A.B. asks: 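Structure in structure tokens, see below.
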Amino acid sequence: MVEKYKFISNSLSMIVNRLAQSITTFVLIAAIARNLGAEAIGQYLLAYSYYFIFVGIASQGLKILFTRELAREPQKTSVYLMSGTWLQLIFSLVSYGGLVIVVFLLPYSSKTSTLCYIMGLTIIPFALSNVTEAIFQAKEKMHLIAIATVPVYVLRLIIMIWAMQLKYGIEYLGVILFFSETLILVIEWILIRKLVKIQWQIDKYFVWNTIKTVRTFFAIEAIAVVSNRIEILILSLLGNEFLVGLFGAIIQLLQPFSIIANSITIAMFPRLSKLVDQGRQKQQQMTESFIEVLLTMGLPLFLGLLFFGKDLLTFIYGSSFAQGSLALSISAISLLLLPFTRTLCSLLVANHFEIVNLREVVITTVLGSLGGVALVSQHQLIGAAIMALLMTLLAFSQYVYFTYTLLFPLNLWRIIRRPIIISALMVLVFLTLKKITLDFLFTLIIATSFYILLVIFLTIHTLGGIHVVKEKIGKIGMKF
């Protein structure tokens, strides 16, 4: 029971952290759209994409490895903290150098290139904070991550909007991003000093051994981060920064679900790693439950975007963004597949099948990039949306196949039954709202409220009824 409460606490902490990041980014993009226009969004998102790619290459592989190993060997935490931080610093400096070289060689405007150089500096503090966050995750103290990050995200958003209102240029947003991530790093080190006894020495054997072990993870994450941003990179080279801005705005509408999915799978990963030694039946039950939870969110959201996607684009960004409605509908299909890919990816890594993940990202990125060049050059924005969907479909098919062949089959009916029930009822709500002429904000509030009520009702029914739920809540209250 304690483990269950700890998991819920960690999941909520990660969701709060990711949601705060998502909401502030969402508001920031909307503010840039209304203050500086779509081209400025394109410049910001392009610079952020290069930052995202190179920080992912520098840090994500180490973070996954550290989380997995520390979940099993917590007594080595101090070694991972000091030696891992030193190793991460070296990788982040090399990665920033790579970013500068790549951007310099590509045909971007001087303003866009300068923004990339400034924002790229954020690689260093963000990568270093990944080491402390890996320790927090391994020790299942993810609330400390939320404590360190959420207030800074809110403060950063306020300062950025204030800077735009004072007519500062887009490059100043990159400066603010760098200093905010540095502040997060300082706060996390203050918190971790209370959790870990620091030994101020570098373990050379650990460093070399980690470099050898992490190679597969580096390859996976390097290709994965490029894969995540390849549409924007291709659009920037074959299209223009205005199209990057439109596509980026579409991606931002899907980002909240993606962040919730990532938060749940990150919180799930340490427990999933521990279940490896307890048999595949428990792993299967946990895996299916999380796919079901994510699909319960993803399927209704997909249907909602089909009904109201154009209205949502206009409401948030302005009428000039309505032309992206078809691309949004195409991209939204990925919401049906992401619950499987995110969960099964973590499952395979927990079972030491990371080579499968490497194979997947290589195949998906290569085929997706080749197809993307043809699609974007011919169809521009629509081509980028189709490319993103095809890459998600490629990843989905590979993860499902290798889960079936290497681990266990999934009980699909158990996974999709409740999401289908909720989605069918939500379609009735959407059809009714379509016939009623309401302000879009009220439409959004009504649809969200009905969804929450349906989820609560179905959850109570699944648990055995209102009386059973009251009894369980009473037992929990007695324990506290």
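It should be emphasised that the depicted structure is a prediction, and the values quoted were computed from it without experimental measurement. Values below: all heavy atoms of this structure, side chains included; hydrogens, waters and symmetry mates excluded.
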A.B. asks: Sequence neighbours excluded and cut-off under 3.5 Å, please list the side-chain donor-acceptor pairs for residues 117-125, or say none.
C.D. replies:
{"unit_1": "T122", "atom_1": "OG1", "unit_2": "M119", "atom_2": "O", "d": "2.9"}

A.B. asks: About how many Å separate CD1 of I158 and CH2 of W162, when rounded to the nearest 0.5 Å?
C.D. replies: 12.0 Å
A.B. asks: Just how far is it from atom CZ of F302 to atom CD1 of I333, taken to the nearest 0.5 Å?
C.D. replies: 5.0 Å
A.B. asks: With heavy-atom distances below 4.5 Å as the criterion, would you say the side chains of K111 and L115 are in contact?
C.D. replies: no
A.B. asks: With sequence neighbours left out, what residues match E171 under side-chain hydrogen bond (donor to acceptor under 3.5 Å, both in side chains)?
C.D. replies: none
A.B. asks: If you count heavy atoms of other groups shown closer than 6.0 angstrom to CZ of R193, is the number above 12?
C.D. replies: no
A.B. asks: Quick one: ring-ring contact (aromatic ring centres under 6.0 Å, His included) partners of F54, sequence neighbours excluded?
C.D. replies: none
A.B. asks: What heavy-atom pair brings I145 and T149 nearest, and what distance separates the two atoms?
C.D. replies: O-OG1, 2.7 Å
A.B. asks: Write down the atom of S423, the atom of L299, and the distance for their closest heavy-atom approach.
C.D. replies: OG-CG, 3.0 Å
A.B. asks: Just to verify, what does Y172 make a ring-ring contact (aromatic ring centres under 6.0 Å, His included) with, not counting sequence neighbours?
C.D. replies: Y168
A.B. asks: Enumerate, atom names and distances included, each donor-acceptor pair closer than 3.5 Å involving a side-chain atom of residues 174-192, sequence neighbours excluded.
C.D. replies:
{"unit_1": "S180", "atom_1": "OG", "unit_2": "R156", "atom_2": "NH1", "d": "2.9"}
{"unit_1": "S180", "atom_1": "OG", "unit_2": "I176", "atom_2": "O", "d": "3.3"}
{"unit_1": "S180", "atom_1": "OG", "unit_2": "L177", "atom_2": "O", "d": "2.7"}
{"unit_1": "E181", "atom_1": "OE2", "unit_2": "R156", "atom_2": "NH1", "d": "3.0"}
{"unit_1": "T182", "atom_1": "OG1", "unit_2": "F178", "atom_2": "O", "d": "2.9"}
{"unit_1": "E188", "atom_1": "OE1", "unit_2": "T132", "atom_2": "OG1", "d": "2.6"}

A.B. asks: May I ask you to decide if L393's main-chain N or O and S397's side chain share a donor-acceptor pair within less than 3.5 Å?
C.D. replies: yes
A.B. asks: Is there a side-chain contact between L328 and L254, using heavy atoms and a 4.5 Å cut-off?
C.D. replies: yes
A.B. asks: How far apart are the closest heavy atoms of L128 and L89, and which atoms are they?
C.D. replies: CD2-N, 3.7 Å
A.B. asks: Locate the shortest heavy-atom distance separating Y451 from P300; write the atom from each residue and the value.
C.D. replies: CE1-CG, 3.8 Å
A.B. asks: Do L157 and V27 have side chains that get closer than 4.5 Å, going by heavy atoms?
C.D. replies: yes
A.B. asks: Does any pair with a residue in residues 339-374 pass ring pair (Phe, Tyr, Trp, His ring centres under 6.0 Å), and if so which ones, sequence neighbours excluded?
C.D. replies: F340-F396
A.B. asks: Which distance, rounded to the nearest 0.5 Å, do you find between the CG of L394 and the CG of L337?
C.D. replies: 10.5 Å
A.B. asks: Taking side-chain hydrogen bond (donor to acceptor under 3.5 Å, both in side chains) as the definition, give me every residue that meets it alongside Y153, ordered by chain and number, with sequence neighbours left out.
C.D. replies: none
A.B. asks: If you round to the nearest 0.5 Å, how far is OH of Y401 from CG of L406?
C.D. replies: 8.5 Å
A.B. asks: Y399: what forms a side-chain contact (heavy atoms from CB on, under 4.5 Å) with it, not counting sequence neighbours?
C.D. replies: T341, L344, C345, L348, N357, E360, A395
A.B. asks: Of all heavy-atom pairs between I234 and S369, which one has the smallest distance, and what is that distance?
C.D. replies: CD1-O, 4.0 Å
A.B. asks: Looking at side-chain heavy atoms only, is the closest gap between Y50 and Y108 below 4.5 Å?
C.D. replies: yes
A.B. asks: Hey, could you give me the CG/CD distance between L173 and Q43, rounded to the nearest 0.5 Å?
C.D. replies: 11.0 Å
A.B. asks: Check step by step if side-chain contact (heavy atoms from CB on, under 4.5 Å) holds for L28 and M164.
C.D. replies: CA-CA 10 Å; L28 174 63; M164 283 188 284; 3.9 Å; yes
A.B. asks: Would L243 and F247 satisfy side-chain contact (heavy atoms from CB on, under 4.5 Å), going step by step from the backbone distance to the final call?
C.D. replies: CA-CA 6 Å; L243 289 177; F247 187 75; over 6 Å; no
A.B. asks: Report yes or no: does Y317 contribute a side-chain atom to a donor-acceptor pair with the main-chain N or O of A249 at less than 3.5 Å?
C.D. replies: yes
A.B. asks: Between N351 and Q283, is any pair of side-chain heavy atoms under 4.5 Å apart?
C.D. replies: yes
A.B. asks: Hydrogens and angles aside, do T364 and Q398 bring a side-chain donor and acceptor to less than 3.5 Å of each other?
C.D. replies: yes
A.B. asks: Does anything in residues 291-316 pair up under side-chain hydrogen bond (donor to acceptor under 3.5 Å, both in side chains), and if so which pairs, sequence neighbours excluded?
C.D. replies: E292-R418
A.B. asks: Name the atoms and distances for all side-chain donor-acceptor pairs under 3.5 Å in residues 373-382, with sequence neighbours left out.
C.D. replies:
{"unit_1": "S377", "atom_1": "OG", "unit_2": "V373", "atom_2": "O", "d": "2.8"}
{"unit_1": "S377", "atom_1": "OG", "unit_2": "A374", "atom_2": "O", "d": "2.9"}
{"unit_1": "Q380", "atom_1": "NE2", "unit_2": "V376", "atom_2": "O", "d": "3.0"}

A.B. asks: Just to verify, what does F91 make a ring-ring contact (aromatic ring centres under 6.0 Å, His included) with, not counting sequence neighbours?
C.D. replies: F218
A.B. asks: Is there a side-chain contact between L301 and M297 in this structure, where contact means two heavy atoms from C-beta onward sitting under 4.5 Å apart?
C.D. replies: no
A.B. asks: Of all heavy-atom pairs between A33 and I41, which one has the smallest distance, and what is that distance?
C.D. replies: CB-CD1, 3.3 Å
A.B. asks: Do I316 and F440 have side chains that approach each other closer than 4.5 Å (heavy atoms only, starting at C-beta)?
C.D. replies: no
A.B. asks: Run the side-chain contact (heavy atoms from CB on, under 4.5 Å) check on L46 and L233 step by step: do they pass?
C.D. replies: CA-CA 7 Å; L46 182 60; L233 299 183; 4.1 Å; yes
A.B. asks: Before giving the answer on side-chain hydrogen bond (donor to acceptor under 3.5 Å, both in side chains), spell out for S109 and T112 the whole-Å C-alpha distance, their side-chain angles and the decisive distance to 0.1 Å.
C.D. replies: CA-CA 5 Å; S109 66; T112 301; 3.0 Å; yes
A.B. asks: Return the OG to CD1 distance between S325 and I330, rounded to the nearest 0.5 Å.
C.D. replies: 9.5 Å
A.B. asks: According to the side-chain hydrogen bond (donor to acceptor under 3.5 Å, both in side chains) rule, which pairs have a member within residues 85-107, sequence neighbours left out?
C.D. replies: none
A.B. asks: Is any side-chain heavy atom of Q252 closer than 4.5 Å to one of T25?
C.D. replies: yes
A.B. asks: Tell me whether the rings of Y48 and Y51 are parallel (<30°), tilted (30 to 60°) or perpendicular (>60°).
C.D. replies: perpendicular
A.B. asks: Any donor and acceptor pair, going by atom type alone, linking the side chain of Y404 with main-chain N or O of L410 inside 3.5 Å?
C.D. replies: yes
